Amino acid sequence: MPELPDVEGFRRTFSKRAKGKRVRAVHGIDSSMLRNTSPQGLARALKGKQFDSPERQGKLLICPADGVALLLHFGMTGTFVWCASGPRHDHDRMTLVFDDGELRYRNMRKFGGIWLAHEQRELEQIRGRLGPDWQSVSRKQFDGLLERRKASLKAVLMNQAVAAGLGNLTADEALWQARIDPRRKASSLDSSERRILYQKIQKVLRDSVPYGLVPAKRTWLTGARGRRNGICPRCGARLERETVAGRTTVFCPAEQR
DNA sequence: GCTCATGTTCCCCT
DNA sequence: CAGGGGAACATGAG
């Protein structure tokens with residue numbers, strides 16, 4: 001699930017469940033999810049700390065707590081589960097225990113990861129691999145991002161170092177709404193196409209964020225891409241399915257030019 | 001058994 | 001150096 005809208009939903013969950021609360025314990029840490037610390041290091045660093053407001057940069061969730069920060073990436077199957085208590089689920093990779101319940105980081109496929117930053121410099125280093133969050137990219141900045149890019153639009157939109165947060169679904173959705181072929185070279189768009197694409201990227205994100213996911217609306221590509229012989233919700237043409245930039249890409253061959 | 005999956009990284013070519 | 005292709009990672013679901 002996790003693209004920008006999903007992680008924004010996780011940020012809201014974290015804010016509701018953990019912000020302002022003190023960590024009583026950290027349980028069930030799967031060491032293979034840890035990128036720069038050990039289960040003991042993580043548990044010791046967080047125990048007794050009080051979480052502050054969580055932030056998000058692209059698909060990365062940043063949870064500051066009294067001078068340290070917990071960073072979470074959800075990969076393709078990560079999510080949060082809040083519960084009063086209860087048995088550990090097979091895919092729970094870390095449980096934050098509070099007085100009023102537990103917030104579990106659940107991740108079936110174990111992509112993604114967990115980082116611990118002890119200081120600002122360390123935090124910046126981890127965030128540094130990511131470009132600006134897509135929701136903070138201005139219209140003018142957008143032109144600069146596409147400039148001189150030799151790769152396809154699909155590849156550039158999904159490149160987290162260019163700007164962070166778009167994934168396979170949101171990139172396809174924005175390109176479909178903008179009626180632009182995902183295989184085109186990023187630097188080949190004229191100014192009118194760039195304007196439309198920017199507008200559609202922002203619209204897809206804005207419309208999706210309240211749901212905390214990319215909604216499968218009937219009027220959206222996302223609502224049709226799941227089916228094997230999907231039909232374009234706008235024109236009724238048979239949707240095309242092709243690997244672009246290493247990912248299954250769905251588009252309307254009749255409209256996307 | 002086989003294919004595919006909302007992500008990222010690394011290696012080898014061109 | 002910039003990109004593309006493919007594999008790997010781990011675990012299902014259909």
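Residue numbers begin at 1 in each chain, while the letters A, B, ... track the order of the sequences. For clarity, every value in this text was computed on a predicted model and none was experimentally measured.
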### Query
Reckon Arg228(A) touches a base, only the sugar-phosphate, or nothing at all at heavy-atom distances under 4.0 Å?
nothing

### Query
Between the side-chain atoms of Arg149(A) and the base atoms of dA2(C), is any donor-acceptor pair under 3.5 Å?
no

### Message
Measuring from the side chain of Glu3(A) (C-beta onward, heavy atoms only), which nucleotide among dA10(C), dG12(C), dG7(B) has the closest atom?
### Response
dG7(B)

#### Entry: Modelled atom types, side-chain donor and acceptor of Arg179(A) and Gln256(A), under 3.5 Å
no

### Task
State whether a side-chain donor-acceptor pair under 3.5 Å links Glu3(A) with Thr170(A).
yes

### Task
Under the side chain to side chain donor-acceptor pair (under 3.5 Å) rule, what do Arg22(A) and Gln50(A) come out as? Steps first, then yes or no, please.
CA-CA 4 Å; Arg22(A) 214 164 278 288; Gln50(A) 191 172 21; 3.3 Å; yes

### Task
Look at the side-chain N and O atoms of Arg109(A) and state whether any lies under 4.0 Å from the OP1 or OP2 oxygen of dG7(B).
no

### N/O (side chain, Gln160(A)) to phosphate O (OP1/OP2, dG7(B)) under 4.0 Å
no

#### Entry: Nearest listed nucleotide, side chain of Ala155(A), among dG7(B), dG4(C), dA10(C)
dG4(C)

### Query
Which nucleotide sits closest to the side chain of Leu169(A): dT6(B), dG3(C), dG12(C)?
dT6(B)

### Query
Which class fits the ring pair Phe74(A) and Phe80(A): parallel under 30°, tilted 30 to 60°, perpendicular over 60°?
perpendicular

#### Entry: Nearest-Å distance once atom P is located in both dC2(B) and dA7(C)
15 Å

### Message
Any strand counts, and the cut-off is 3.5 Å on both contacts for Watson-Crick or G-U wobble. Which nucleotide pairs with dT6(B)?
### Response
none

### Task
Look at the side chain of Met108(A) and decide which nucleotide, out of dG7(B), dA2(C), dT11(C), has an atom nearest to it.
dT11(C)

### Query
Which base sits across from dA10(C) as a Watson-Crick or G-U pair, both distances under 3.5 Å?
none

### Summary
DNA chain B nearest-nucleotide lookup for Asp6(A) and Arg129(A): closer to the 5′ end is Asp6(A)

### Query
Expressed in whole Å, how much space separates the P atoms belonging to dG6(C) and dT3(B)?
15 Å

#### Entry: Neighbour count above 12 (heavy atom, 6.0 Å) for Lys19(A) NZ
no

### Query
So what does Gly246(A) touch, heavy atoms closer than 4.0 Å: a base, only the sugar-phosphate, or nothing?
nothing

### Query
Within the structure, does a side-chain N or O atom of Arg247(A) lie under 4.0 Å from either OP1 or OP2 of dT6(B)?
yes

### Query
Is Phe111(A) stacked on the base of dC9(C), meaning ring centres closer than 5.5 Å and planes within 30 degrees of each other?
yes

### Residue pair Glu173(A) / Thr222(A), side-chain donor-acceptor N/O under 3.5 Å
yes

### Query
So what does Gly75(A) hit on the nucleic acid, given a heavy-atom distance under 4.0 Å: a base, only sugar-phosphate, or nothing?
sugar-phosphate

### Query
Starting at NZ of Lys110(A) and ending at C1' of dG7(B), how long is that distance when rounded to a whole Å?
16 Å

### Query
Quick one: is dT8(B) close enough that its OP1 or OP2 comes under 4.0 Å of any side-chain N or O from His73(A)?
yes

### Task
Measure from CD1 on Ile126(A) to P on dT8(B) and round the result to the nearest Å.
15 Å

### Task
Select base, sugar-phosphate, or nothing to describe what Thr243(A) touches, counting heavy atoms under 4.0 Å on all strands.
nothing

